[in-house]
*Asks:* 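Have a look at the structure that comes next, please.
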Amino acid sequence: MTSEAQPTTPASSATPLVSLRNVNKHFGELHVLRDINLEVTRGEVVVVIGPSGSGKSTLCRAINRLETIDDGEITIDGEVLPAEGKALAKLRADVGMVFQSFNLFAHKSILENVTLGPIKVKGMKSGEAKELAMSLLKRVGVDNQAQKLPAQLSGGQQQRVAIARALAMKPKVMLFDEPTSALDPEMINEVLDSMVALAKEGMTMIVVTHEMGFARKAADRVVFMADGQIMEEARPEEFFTNPRSERAKDFLGKILAH
Amino acid sequence: MENYLTLFETYDVPAAFWVNIQLSFWAAIWALVLGTVLALFRISPIQSLQWFGAAYVNIFRNTPLTVILAFGFLGLFSVMQISLAENLGSSLFRIAILGLALYHAAFVCEAIRSGVNTVPLGQAEAARAIGLSFLPAARLVILPQAFRGAVAPLGNVLIALIKNSTVAAAGSVATESSSLMKTMIEFRSDLVIPIFFTFALGFVILVIPIGLLTTWASRKLAVAR
């Protein structure tokens, strides 16, 4: 390994933390990502919105290579995303991911879900990992559920555990793939609150969501996607009050009408 | 009835069943180990391993067990002079275990793979997302859930294995129960039907607890989602 842990120097903060250049992907005939160019700087919160089928989830999943890309280049903190193997696993450890369907390890307790990565990937001692896990679970308000199994928790609680699990790896960036879409309405806010708090602490976040309130409250930038393309990028107020593209106007008209 | 009871004085029926139990026990352990490795091959991201796993399963699953065990005795032992122990008896016994294990590993592999199919894709994605590579993800996240989803099909393989241990006769393990049954029928043709029922009942007694146990365990161990 050539790179050692570096302090944040002006040079390293100038390079974008996440960068996608001319990224293309097809699902068979379907061109799901068309020439995507996107840069996310350290500490930035980017919300990706768009109609379903616009490729926003695929974009999010491509960033830690849960989806492969056909061409183009994705870099995380200056390093090109490796194709596979140990190098890819190492890089994924630096990228936290929160899924729509939580995906907590069903056979492990809440505590074990959070300690698994630190112990098995980072080689942390079990006691230290437990301490870290409990503090993270406390932060998202589910520390009293630590000994239960995922199926015994509500959706909102499970998703907050998933956030704690990702944070336990001390990631450089967090990806959220529609984190509230599978939740009952009354549980959405508890998850969004955790995410807003995280954004305020300066975490770099890429969030695919339909929650416009979250975008307004926490996003530095909104990226609007349609048909596999980035149609528009703007600050949230600007985007919501004065969208430039027709597609964005149409989309906002449909979701904000009620 | 008295006639029937004299059978047990002349022939050691429990000892013959004990041979089948031992054959089954060791073959089951090796089949489980090998079958797990094969299942890992089949779900691995490496194409040549996937191919090997699929080829193994298709060859061994589709070859009659009698052929495999007869090959063990006639091919490996007699012609190729491969011996797995000092004396003839234990060598044939071990070759029979090898044959049974190789054959049933194919079925174990498929049972585990059916268990893997009960694990949602998101579990593997979450494991990869926290930085686990294939083997740790398989060992820590996928296989523990897959085994729990595969208890019932694995139980079926074990039941088949216990009954199939009688085919060890084709590998010249003459001490096992079906060989003894043949001897008994030969010398006591007056009691053919009771002898048949004795051995059938013996296997039923061996196998029923396994069926009950796996049904209970598959409920008890099911992963709540």
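Numbered from 1 within each chain, the chains take letters A, B, ... in sequence-line order.
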*Asks:* What's the verdict on side chain to side chain contact (heavy atoms under 4.5 Å, CB included) for B/Asn20 and B/Phe203, showing C-alpha distance, side-chain angles and the deciding distance?
*Replies:* CA-CA 10 Å; B/Asn20 287 81; B/Phe203 276 98; 3.9 Å; yes
*Asks:* Would you enumerate the inter-chain donor-acceptor pairs between chain B and chain A whose distance is below 3.5 Å?
*Replies:*
residue  : atom : partner  : partner atom : Å
B/Gly122 : O    : A/Asn103 : ND2          : 3.3
B/Gln123 : OE1  : A/Ala106 : N            : 3.3
B/Gln123 : NE2  : A/Leu104 : O            : 2.7
B/Glu125 : OE1  : A/Arg61  : NH1          : 2.9
B/Glu125 : OE2  : A/Arg61  : NH1          : 3.3
B/Glu125 : OE2  : A/Arg61  : NH2          : 2.5
B/Leu140 : O    : A/His107 : NE2          : 3.0
B/Gln145 : NE2  : A/His107 : ND1          : 3.1

*Asks:* Just wondering, do B/Ile97 and B/Leu23 contact through their side chains at under 4.5 Å, heavy atoms?
*Replies:*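 Yes; the side chains approach each other to less than 4.5 Å.
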*Asks:* Chain B heavy atoms under 4.5 Å from A/Ala106: which part of the residue, side chain, backbone, both or neither?
*Replies:*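 For A/Ala106, backbone and side chain are both near chain B.
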*Asks:* Heavy-atom cut-off 4.5 Å, strictly under: side chain, backbone, both or neither for B/Ala127 against chain A?
*Replies:*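 Both the backbone and the side chain of B/Ala127 come within 4.5 Å of chain A.
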*Asks:* For the candidates A/Leu116, A/Leu149, A/Leu175, which exhibits the highest count of non-hydrogen atom pairs separated by less than 4.5 Å from chain B?
*Replies:*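 When all of A/Leu116, A/Leu149, A/Leu175 are compared, A/Leu116 has the most.
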*Asks:* Tell me, yes or no, whether the heavy-atom count around A/Phe27 atom CZ, taken from other residues, nucleotides or ligands under 6.0 Å, exceeds 12.
*Replies:*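 Buried by this count: over 12 neighbours within 6.0 Å.
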*Asks:* Carefully, step by step, assess A/Met225 and A/Ile36 under the rule side chain to side chain contact (heavy atoms under 4.5 Å, CB included).
*Replies:* CA-CA 10 Å; A/Met225 280 185 80; A/Ile36 300 287; 3.8 Å; yes
*Asks:* Would you please classify the geometry between the B/Phe199 ring and the B/Phe17 ring as parallel, tilted or perpendicular, with 30° and 60° separating the classes?
*Replies:*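 Parallel, since the angle between the ring planes stays under 30°.
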*Asks:* Is it the backbone or the side chain of A/Leu104 that comes under 4.5 Å from a heavy atom of chain B, or both, or neither?
*Replies:*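 It is the backbone, since no side chain atom gets that close.
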*Asks:* Decide yes or no for B/Tyr103 and B/Leu100: does some side-chain heavy atom of the first lie under 4.5 Å from some side-chain heavy atom of the second?
*Replies:*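 The answer is no; the side chains never approach within 4.5 Å.
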*Asks:* Measuring heavy-atom distances to chain A, does B/Val223 have an atom under 4.5 Å in its side chain, in its backbone, in both, or in neither?
*Replies:*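 Interface part for B/Val223: side chain.
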*Asks:* Are any of the side-chain heavy atoms of A/Phe214 and A/Val207 separated by less than 4.5 Å?
*Replies:*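 Side chain of A/Phe214 against side chain of A/Val207, heavy atoms only: contact under 4.5 Å found.
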*Asks:* Relative to chain B, which segment of A/Phe99 carries a heavy atom at a distance below 4.5 Å: side chain, backbone, both, or neither?
*Replies:*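 Only the side chain of A/Phe99 comes within 4.5 Å of chain B.
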*Asks:* So do the side chains of B/Asn156 and B/Phe107 get within less than 4.5 Å of each other, counting heavy atoms only?
*Replies:*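 No, their side chains stay 4.5 Å or more apart.
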*Asks:* Heavy atoms, side chains only, cut-off 4.5 Å: are A/Val173 and A/Val40 in contact?
*Replies:*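 Side chain of A/Val173 against side chain of A/Val40, heavy atoms only: no contact under 4.5 Å found.
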*Asks:* What distance separates B/Phe52 CZ from B/Arg42 CZ, expressed to the nearest 0.5 Å?
*Replies:*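 One gets 12.0 Å once the value is rounded to the nearest 0.5 Å.
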*Asks:* Just checking heavy atoms, which of residues 162-175 of chain B are less than 4.5 Å from chain A?
*Replies:*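 Expected list: none.
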*Asks:* Working to the nearest 0.5 angstrom, can you tell me the gap between B/Thr215 OG1 and B/Leu212 CG?
*Replies:*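 Rounded to the nearest 0.5 Å, the OG1-CG separation comes to 6.5 Å.
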*Asks:* Residue by residue, scan residues 66-84 of chain B and write down, ordered by number, those that have a heavy-atom distance under 4.5 Å to chain A; if none do, write 'none'.
*Replies:*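 Heavy-atom contacts from residues 66-84 of chain B to chain A are absent.
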*Asks:* With under 30° as parallel and over 60° as perpendicular, where do the rings of B/Tyr56 and B/Phe60 fit, or are they tilted in between?
*Replies:*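 Ring orientation of B/Tyr56 relative to B/Phe60: parallel.
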*Asks:* Is the shortest heavy-atom distance from the side chain of A/Phe102 to the side chain of A/Leu183 under 4.5 Å?
*Replies:*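 Yes, close enough: below the 4.5 Å cut-off.
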*Asks:* Report the residues that fulfil side-chain hydrogen bond (donor to acceptor under 3.5 Å, both in side chains) with B/Ser90, sequence neighbours left out, ordered by chain and then residue number.
*Replies:*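 B/Asn87.
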*Asks:* Could you tell me if the side chain of A/Leu59 sits less than 4.5 Å from the side chain of A/Leu20, heavy atoms only?
*Replies:*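 Sidechains of A/Leu59 and A/Leu20: in contact.
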*Asks:* Should A/Leu167 and A/Val114 count as side-chain neighbours, where that means a heavy-atom distance under 4.5 Å?
*Replies:*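 Not touching, per the 4.5 Å side-chain cut-off.
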*Asks:* Let's test your reading of the structure: which of B/Leu121, B/Val141, B/Val119, B/Leu132 forms the most heavy-atom pairs below 4.5 Å with chain A?
*Replies:*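 Sorted descending by pairs with chain A, the first entry is B/Val141.
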*Asks:* Count the heavy-atom pairs under 4.5 Å between each of B/Ala129, B/Pro120, B/Ala124 and chain A, then report the option with the highest count.
*Replies:*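 Most heavy-atom pairs within the cutoff with chain A belong to B/Ala129.
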*Asks:* Determine, step by step, whether A/Val18 and A/Leu38 satisfy the side chain to side chain contact (heavy atoms under 4.5 Å, CB included) criterion, reporting the C-alpha distance in whole Å, the side-chain angles of both residues, the deciding distance to 0.1 Å, and the verdict.
*Replies:* CA-CA 8 Å; A/Val18 179; A/Leu38 180 69; over 6 Å; no
